[in-house]
Protein chains: 2
Amino acid sequence: MTVKRRDAYHLLREAIVSGQFHPNERLVEAAVAERIRVGRTAVRAALVRLDQEGLVTLEKNRGARVRHISDREALEIEEVRAALEGMLARRAAERIKLEVLRELHQVISAMRDRVEHGDAAGYSELNATFHQHIWTAADHPTAARLAGGLKSQAIRFQYQTAMRPGRAQRSLVEHEAIYGALKAHDADGAEEAMRTHLAEVLETLRWAIDTQHRSSRWLPG
Amino acid sequence: MTVKRRDAYHLLREAIVSGQFHPNERLVEAAVAERIRVGRTAVRAALVRLDQEGLVTLEKNRGARVRHISDREALEIEEVRAALEGMLARRAAERIKLEVLRELHQVISAMRDRVEHGDAAGYSELNATFHQHIWTAADHPTAARLAGGLKSQAIRFQYQTAMRPGRAQRSLVEHEAIYGALKAHDADGAEEAMRTHLAEVLETLRWAIDTQHRSSRWLPG
DNA sequence: ATCGTCAATAATGTCGACAATCTAGCCACG
DNA sequence: CGTGGCTAGATTGTCGACATTATTGACGAT
């Protein structure tokens, strides 16, 4: 884990991704500035970055809002992520070092632990580190930057994909498959495993979207 | 073509992409502000966006520079582009409309014309429109946005690849192959054709980088 | 001659004030 | 009762001033 950043951008980003601001909520500069204890100037800069990143929409003279990620866009993002991470997994398999493999092994053990204890939040965090380790091993800054910039975190929060019963168990198996391919330096296998994993994620997302629609139809408002 | 924007961001972006500022050149806020006739505030905002976009590097308390794209990064960019555009070509094949197909046909005709007349610049421009038509047909804004961002970085070195003898002719053949697959609504074929096309581009880029190094070794300075 | 210190300079970061712009609510009018 | 315009308030956009931070070059000690 990198150091905790204290600048407005990272603070605000964290706040949005973790759901402290709701989709479509207005972000009034003065209010936000007071909330995270920084000047309005810094908030403005942060908003520009977040707009470029797609987490916020910025309309001239009309302020900023937390960007609502549509169902369609969520699916698109996961699709792109699959393409990018597939490529990254392939490269990682070709050049991964023993040390990183060991770290991945530890992450998987910890994941297994979280699954047994039903700790969804902890699992989700480990999931992120697992993928980050692969990015490191892939040694492909450009693709890693793009993949990191995707708003998959926000999606997971918005749609609560981790809540699908039994998802964690199957996700664990998929991660183990990826690990196996990486350990064997099997490029094709790694890309394949990663793609099927993300295809499953996409499927889960479709399910989450569907159930969300169903429930909101029964409980309008 | 969209309307000509006059805000600092687009002006500065255009200036950088069109090579009016050289790689690694320092972008002093005051100087830039005067150059493009806007306030320093606007320049600051523009720099933040361009930094997020990857066209500029922004170091705290040390100002902004035009981002230098290393040989390695140039290759990485093409690699990612191949992954994204491959996906886009696949989707395009599945849903392309007759009208767009006709437009693509016209573009190809025009390309053939440019090749015969040895008009490299014109060909390059048509190349861009060809790909953009495919993005439109793919109807995948997220991927298109990412690919577009990469493209703007790529422009700065792409001109080198057009210089390889006989490249344009072969490029034309590759584009025809892509068109054929799209016309047949052959998803696999389209992705495959696009990937081989971009693999060729990557190979040409390697060649360009290599010859560049050789010549600079014989003619130092 | 080399290194380190320090002042001078240039550039960035931040703040407050004010102007430009949008929004909500009120009121007159049909 | 609905519609349209208008004013008051809230919010964003821009500017200039100043504080903070890097960089450069001169100078002196070793």
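Letters A, B, ... are given to chains in the order of the sequence lines, protein chains preceding strands, and every chain is numbered from 1.
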In this structure, how many angstroms lie between the [atom2] atom of [N] and the [atom1] atom of [X], rounded?
| X | N | atom1 | atom2 | value |
| --- | --- | --- | --- | --- |
| Glu34(B) | dG16(D) | CD | C1' | 16 Å |
| Asp51(B) | dT12(C) | CG | P | 14 Å |
| Leu47(A) | dT11(D) | CG | P | 14 Å |
| Lys60(A) | dT14(D) | NZ | C1' | 10 Å |
| Asn61(A) | dT23(C) | CG | C1' | 12 Å |
| Glu29(A) | dC22(C) | CD | C1' | 14 Å |
| Arg40(A) | dG13(C) | CZ | P | 18 Å |
| Leu27(B) | dT12(C) | CG | C1' | 13 Å |

- Task: Would you please classify the geometry between the His105(A) ring and the Tyr179(A) ring as parallel, tilted or perpendicular, with 30° and 60° separating the classes?
- Result: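 Aromatic pair Tyr179(A)/His105(A) classed tilted.
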
- Would you call Glu94(A) and Arg91(A) a salt bridge, using N to O less than 4.0 angstrom?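 The answer is no: the pair does not qualify as a salt bridge.
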
- Are Glu73(A) and Lys151(A) within salt-bridge range, i.e. N to O under 4.0 Å?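 Judged by the 4.0 Å cut-off on N to carboxylate O distance, Glu73(A) and Lys151(A) do form a salt bridge.
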
- Message: Applying a 4.0 Å non-hydrogen cut-off, can you work out what Leu58(B) is touching in the nucleic acid: base, sugar-phosphate, or nothing?
- Response: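 Nothing: the residue Leu58(B), judged by heavy atoms under 4.0 Å, touches no strand.
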
- Listed nucleotide nearest any side-chain atom of Arg44(B), set dA17(C), dT12(C), dT23(D):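 Per side-chain heavy atoms of Arg44(B), the pick is dT12(C).
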
- Item | Closest nucleotide among dC22(C), dT12(C), dA22(D) to the Arg62(B) side chain |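 Shortest atom-to-atom distance from the side chain points to dA22(D).
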
- Residue whose closest nucleotide on DNA chain D lies nearer the 5' end, Arg26(B) versus Ala42(B):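 With Arg26(B) and Ala42(B) compared, the 5'-side residue is Ala42(B).
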
- Message: Could you check, using the six-membered ring where one of them is a Trp, whether His175(B) and His131(B) have ring centers closer than 6.0 angstrom?
- Response: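 For His175(B) and His131(B), the ring centres are under 6.0 Å apart.
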
